[in-house]
Every structure is written in structure tokens, then in C-alpha cells.
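To start, the structure under review is shown below, and the notes come after it.
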Amino acid sequence: MLDDQLKTPVVYLKGVGPQRAKLLEEEVGIKTYADLINYFPFRYVDRTQFYKIKALQNSTAEVQIVGVITEVRMLAQKRGKRLVASFEDKTGQMELVWFKRYKWIRDNLKINVPYVIYGKVKYFNGQYSMVHPEMEFLEDFKKDFSVKLQPVYSSTEKLNKSNLGSRFFNRILKQLFAELKSPFEETLPQNIIQELKLTSPSKAYFNIHFPQSNAHLAKAQFRLKWEEFFFIQLQLVRKNLFHKHKIKSYKFEQIGNFFNKFYNEILPFKLTNAQKKVLKQIRSDLGRTAHMNRLLQGDVGSGKTIVGFMSMLIAIDNGYQTCMMAPTEILAQQHYQTIAEYCEQLGVTISLLTGSSTTKQRRDIHQNLKNGSLHILVGTHALIEDKVKFHNLGFAIIDEQHRFGVAQRAKLWKKNDLPPNVLVMTATPIPRTLAMSLYGDLDISVIDELPPGRKSVKTVHRYDANRLKVFQFIKQQIAKGRQVYVVYPLIEESANFDYKDLMDGYESISREFPKPQYQISIVYGKMKPEDKAAEMQRFVNGETQIMVATTVIEVGVNIPNASVMVIESAERFGLSQLHQLRGRVGRGAEQSYCILMTSHKLSEDAKTRLQTMTQTNDGFQIAEVDLKLRGPGDLMGTQQSGLLNLKIADVVKDKSILESARHYAIRILKKDPNLENAEHQTLKEKFIRLTQHKFKWNYIS
Ligand code: ADP
Ligand code: MG
């Protein structure tokens, strides 16, 4: 069987041998025939286009020319020698040059026999030349099936040094295909193949390595990309359906007094339509026994917290406890304060549990949790410690998803007989396609509308040289009663360098804004939590006008009177971080401003980031640009997913293929959730093979 043959170690392939096999494994992880076949080229050079020498231009692009060598000569130069050949076609003449291996080359070059040469040309001393061209006899070129679109394989320094570049891969793959004893098995159902006009796997694999034309290549790429997405989506969609059908959680049938009283008498504003829509989705989830596993996305300030709180009230109305977990102490405190005010008016009990809770506080919390008298527990990671035991945790909110790992989420589940319903809230907008790949197993809700009357933040870019004007502006704002953030980058909490930036900044601001007229708060990561909270509180109370901080204030902090966000060394921040920081202002009725300070030295990417920030306030648009600039692999939280280690498909460029694959995965699993139909058997086998290491078919956690 082909499958068995594909397990053969590459060392047995003619032209590989032990040394090369070792290099292949160490450098690019290729161990077997299957690995080699799945080592796809990352680009192709079109070798159907030929240049005439007369039409050459001095560019960095690689060109291909047909001609003959008329003369070869060895030239001595200061250091070493070089071999120069005159190369002609009917339109003109140029030089080919070698600095290395020239003896062997000189002995093997044929005069007046047509060659195809390939490489970059340089214009020098009135003459075009090509250094170390790739070359082949025209006759061989014509015979060779592989050369029309020449695949380029990614390589490493070590591989290159040992001459294991694209040509080597080309050669051993040719050998491999020659050795294959049977065609690749078709695993996709016939109806999909017909509807999408998919090429067969054998053709796809062959043409990805040896494309016979652009059309063949396109078909091969489509099939392989589609298939790659499809099996991932099959896994995610199955997980999602499994969740809905198999995992039970507590069902909250009634909307009771707490919810109604809050909605009718306490809620200080009208919900936006987007908030209403999401609340409806959550209510409908919570009214079923199926476990809720929902991601709530919404830009900073879109009003997620109130939606989360009202969802909690539904749980409490049904006699269950709830919790809300935040990534930082400051944020947990802030959530607690916002919510506690409402709770008091409602007669709902609430406590805060963080790293700095005292032993006595903890003891009370533990007791009230166990006897069921505590309705809401807000806190940090401290919530998932084993000591924390609920009487009946029915609903959990996790704020800022990407900071908690999957394992931590799972810990919450162990707190009762049934897992609590889970709502994950994130202010990091994730482009739809990425969300599909990352969180395809979650249901997704989006608040895509800001509360009314909110003025969008005016964003400007200023160079360090204009600092005095910026200070002037800050003074005007403070004179109007506003408050100001000044944020410094902090790549690593412990890096002394960053700390020094912050302290230098703090000093210069203290000089510019002297006491007693001005009061300044400072908050950074290394401070003790209680000092941090105290400084924060002074700013919240309006006792200080300026908050100098590192990115610890990034998430969630809500101070409506703060109207200016100055971001120092803004070029050092990523787009999503800049957007998060900007979200700290613009929460009150006043016009707010974001000032991005940078030096004059800016990379192209940094320029794009700054431009994007000054042009738009739309988090989703910003996320799209971010995804394009950084690629999915670098986005926060995606590294851990593993789902994005794609071999050939690309979540950014191949959006429509991803959508198609997801559509079919849903269609198949809705009809045949366990892939029991005869037509799905080969599919199921492959699916199990692909996923057996990750989870068992019958239980997906
Ligand atoms: P998020 O958590 O999405 O960043 P918040 O829930 O903190 O946003 O809301 C930001 C601010 O907007 C809060 O002061 C909140 O009270 C207020 N807010 C939320 N929803 C509305 C609404 N529908 N109308 C007016 N203000 C709202
Ligand atoms: Mg929030």
C-alpha cells in the first residue's frame, strides 16, 4: 500500500544517503517519504518566459535566456581568478562569470551548443553579466517535465552549504515519484470532488512539485489548501457540535427578579442594538442544557461588561453562582467596583479574590462560596486555585481570553459535577477568518456598535522634536479639567532598559508639570500590587492629573475623565496594543486625543502601523492590517493553537478557500455527525489518522 511506502525513511531514497538524511531531519524535519512529499515549494519561477539579451534591464529579477557560449577565458584578478564566458543570442552578447568551481565548469562547458541560462543580470562597464548562472542544455530543458514552473524550496544555511537547495529537492522528489508504486488514495467524498472540481490527490501532489502549467499548479494548490483547511475545520466543527450535543451544563430556564429589576430600574442607559442582539444569543444558549462556550468580541468601550453582568444575573436568578476572571489585578478590581455598585442596589452578593486578598478575606470567601450565600466572585487567576470551591458554579466569564491558556479554562470545569457555562470576552478584535481557525470550536458573538454619543478619538503622530508643543497641549487639557495618560513601552517587565525609559520619562514630566499645581501617578509592573492599586486609585479619584505608566494599564481600565493618551516610542508597539491603549480614552463625553510619539527613524512597517492608527478607529479594520503585517503566526494567542502551523494554506491569503472548507465541514457533520455513512468512511479514516494524537474520537475535551 502507498501509505506504508510513504513511511519509508528518506535515507533509502536514491541520492539521499545517511549524511543527507541526517541533515534533512535536523534542518527541516524531513524523516520519511511522506514528509518529503509534504515539503511544498514556497514559490515558483516561471521558466516559460525567455528574455532576449537586447531587452535586458538592470533589475533584481531573475531572467532566463537561450543562447550559446562562443568563448571561455580565465582571468586573473587581485584575489583569485575568475572564469568568464561570452554568451550570445541573435540579439546581442553578454558575459557569464564564475568565481568558484571554475576548473570543473571550464572543463565541462560546451562551445556553440544551445543552453538555457537562468539568474540575475548585472550591468557593469557597458556589459550585462550573470554570475554563477544556473544552466542546462536546451535539449534537456525541453525534455524535462519539471522546468516550466521551477519550484523553489525553502532552505537553511546548513542545507545550502551542503548544496541541498531547490535543485536537490527537485532531484530527490523526481526519484521519489518514480519509486511510488500506487496512486494516492482519494479521501474526500465524490460529491465534494465534483462540486468543487477538485483534482485527484496524485495529480495534486505531482503538480505541486512539478507543475506542468500555471493552470495545473493552481488546481493542485487549490486542492491541497482546501484539504488542509477542511480537516482542521472538520475537527473544530465537530468539537463545536459535540459540545452542543454531548456536553451538558446547567440550564437557566427563567428570567427572574434580579434581571428584570436591573433592566427596568437600575440600568443607567439604553442598551445598544448590538448589546441586545448578543444578550439574546446568550439567553438562548443559557436556556438550553447544552453547554455554552461562547466568545464575545467587542472593541474597547463597546460595553461588554454590562452584557456579561446581565448574563450573570440570569444565572443567579436560577439559583446558581457565577464568577468573572480577569487577567490582571487592576482589571479585576475595576470589574469588581463597577459591578459591586449594581449588586448593592440589587441585593446580590459579590466578593473580590486576588493575589493580595488577606487570609481572613479568603476564609470568608471560601465559606460563603461553599454555603452558597455568595452570588458573584470576581478575581484573577486566584479563582482557579484548588482551594476555591463553589457550591454550584453555573456560569463563568473569562475576560481577555488570550491571556488564559486552555488548561486554565479547563480547571474551572472541575469545580462542579457539570462544567459551568462559559462566556469568554475579548477586546482584541480577531478577523473573521482567523477566528474561524483559532476558535472554530466556539460560538462567536460580536458587539459591533459603540454606545451612542461617543466621539471617536482623534489620533495624531508627532516626532520627539515636537515634544514641547505636546506638553503645551496637555497643559490646556488639564486646565479644562481633563486627565492624561503617558505610556511607555515595556517589552519585558524585568528589562532594566525599559524601566529606565519609564523613570527618565517620569522625571522629565515631573519637571515640566511641577507640584503642587500638577500631581502625577506612576504605575508599572514591578510595583507591589497594593501600591499599584493605590496609585491607580488616586488617578481614578481625580487626585492626580497625569498617569505615567507602562502597558500594565493596557487592558480594561475605565476612567471617563481621561481624555489624552500619549504613547511614547509608539513605533515599538504592535497595532493591537496601540489600539488597546487608545481605547483607554474616549470613554467620556469630551473629545479625546491619542498622540503617538516617535523618533524620526521608522521602519516601513512602523509607518504603516502609525498611519493605520491615525486613519481609523475601527478595531476590526486595524486587526486586518495587523494580520497582514505580522502574519497569523505572530498574533497574540495564536502560537499556542498549533492549528496555524499550516503547510500550504494561508489564513490571510486563502480566506475564500477557508470559508468554503468550513461550509462543507459543517454540511457533512450536520448530516452525519459521526461520519458513519459509507461515503464518508475514507474521510473518517484519514480524519482519525490526522487527529488521533490530539484527541479521541468519542471524547473531545
Ligand atoms: P468594554 O468592556 O467593552 O471595553 P465597558 O463595558 O467597560 O466596555 O463599557 C465602557 C463604558 O461604556 C462603561 O462606562 C459603560 O458603563 C458604558 N456603556 C456600556 N454600554 C452602554 C450603552 N449602551 N450606553 C451608554 N453607555 C454604555
Ligand atoms: Mg471591559
Side-chain angles (χ1 to χ4, degrees), residues 259 262-282 294-313 324-328 330-346 376 378 397-403 423-430 444-457 482-483 485 536 539-542 551 553-563 565 576-592 594 617-620 622-623:
F259 185 95
F262 181 77
Y263 189 70
N264 296 322
E265 297 171 26
I266 299 174
L267 181 65
F269 38 72
K270 254 184 84 188
L271 293 180
T272 62
N273 285 331
Q275 284 172 317
K276 282 187 198 159
K277 173 193 73 188
V278 170
L279 206 51
K280 228 185 232 165
Q281 291 168 339
I282 294 172
R294 189 170 277 281
L295 176 71
L296 172 54
Q297 282 194 54
D299 223 333
V300 271
S302 61
K304 295 182 293 296
T305 310
I306 207 81
V307 169
F309 176 65
M310 292 175 76
S311 312
M312 285 177 148
L313 291 181
M324 184 184 234
M325 190 154 77
T328 64
I330 289 181
L331 195 55
Q333 262 161 16
Q334 190 145 55
H335 278 320
Y336 174 75
Q337 275 160 10
T338 316
I339 297 175
E341 235 171 81
Y342 298 139
C343 286
E344 203 174 320
Q345 301 176 61
L346 279 171
I376 301 180
V378 178
I397 295 180
I398 302 176
D399 197 7
E400 299 300 335
Q401 139 96 12
H402 50 260
R403 315 223 165 177
L423 180 68
V424 173
M425 303 199 302
T426 176
T428 312
I430 305 160
I444 298 179
S445 292
V446 181
I447 301 186
D448 48 6
E449 180 187 358
L450 291 182
R454 193 100 19 109
K455 294 196 178 83
S456 73
V457 180
R482 304 282 91 75
Q483 287 167 288
Y485 292 104
M536 204 68 214
F539 191 62
V540 173
N541 297 345
T551 45
I553 61 149
E554 185 185 329
V555 198
V557 184
N558 188 20
I559 296 157
N561 189 48
S563 69
M565 167 64 66
S576 73
Q577 235 182 346
L578 290 172
H579 181 61
Q580 289 274 334
L581 286 169
R582 177 168 62 184
R584 299 302 113 225
V585 296
R587 294 181 159 232
E590 306 302 325
Q591 176 62 54
S592 289
C594 176
N617 271 286
D618 179 340
F620 280 92
I622 289 170

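Start at 1 and go down the list; that is how both ligands and their atoms are numbered.
Under 4.0 angstrom from ligand 1, the non-hydrogen atoms of K270 all belong to its backbone. Contacts between L271 and ligand 1 below 4.0 angstrom, taking non-hydrogen atoms only, involve the backbone exclusively.
Remark: ligand 1 atoms within the under-4.0 Å shell around heavy atoms of R587 are 4 (O), 7 (O), 10 (C). When each atom of ligand 1 is checked for a heavy atom of P451 under 4.0 Å away, the hits are 20 (N), 21 (C), 22 (C), 24 (N), 25 (C), 26 (N), 27 (C). When each atom of ligand 1 is checked for a heavy atom of T272 under 4.0 Å away, the hits are 23 (N). In the vicinity of T305, heavy-atom distances shorter than 4.0 Å reach the ligand 1 atoms 2 (O), 5 (P), 6 (O), 7 (O). Atoms of ligand 1 lying under 4.0 Å from at least one heavy atom of D299, given by number and element, are 3 (O).
Minimum heavy-atom separation, S592 to G586: OG-N, 3.0 Å. Contact between Y263 and K276 at its shortest, heavy atoms only, is OH-CE, 4.2 Å. Nearest approach of Q281 to S445, heavy atoms of both residues: OE1-OG, 2.6 Å.
Under a 4.0 angstrom heavy-atom cut-off, T338 registers as lying outside contact with ligand 1. At a 4.0 Å cut-off, not a single heavy atom of G298 sits close enough to ligand 1 to count as contact.
Distances between N or O atoms of P452 and those of ligand 1 include no value under 3.5 Å.
The ring-ring contact (aromatic ring centres under 6.0 Å, His included) check on F309 picks up F262, Y342, with sequence neighbours excluded.
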### Task
Starting from the C-alpha separation in whole Å, work towards a yes-or-no answer on side-chain hydrogen bond (donor to acceptor under 3.5 Å, both in side chains) for E590 and S563.
CA-CA 7 Å; E590 306 302 325; S563 69; over 6 Å; no

Item to check | Derivation of the salt bridge (Lys or Arg N to Asp or Glu O under 4.0 Å) call for D299 and R582 | outcome: CA-CA 11 Å; D299 223 333; R582 177 168 62 184; over 6 Å; no

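How far CD1 of I622 is from CG of L578: 8.5 Å, rounded to the nearest 0.5 Å. Between L346 atom CG and I376 atom CD1 the span is 8.5 Å, to the nearest 0.5 Å.
Of the options Q297, K304, H335, the smallest heavy-atom separation from atom 1 (P) of ligand 1 is shown by K304.
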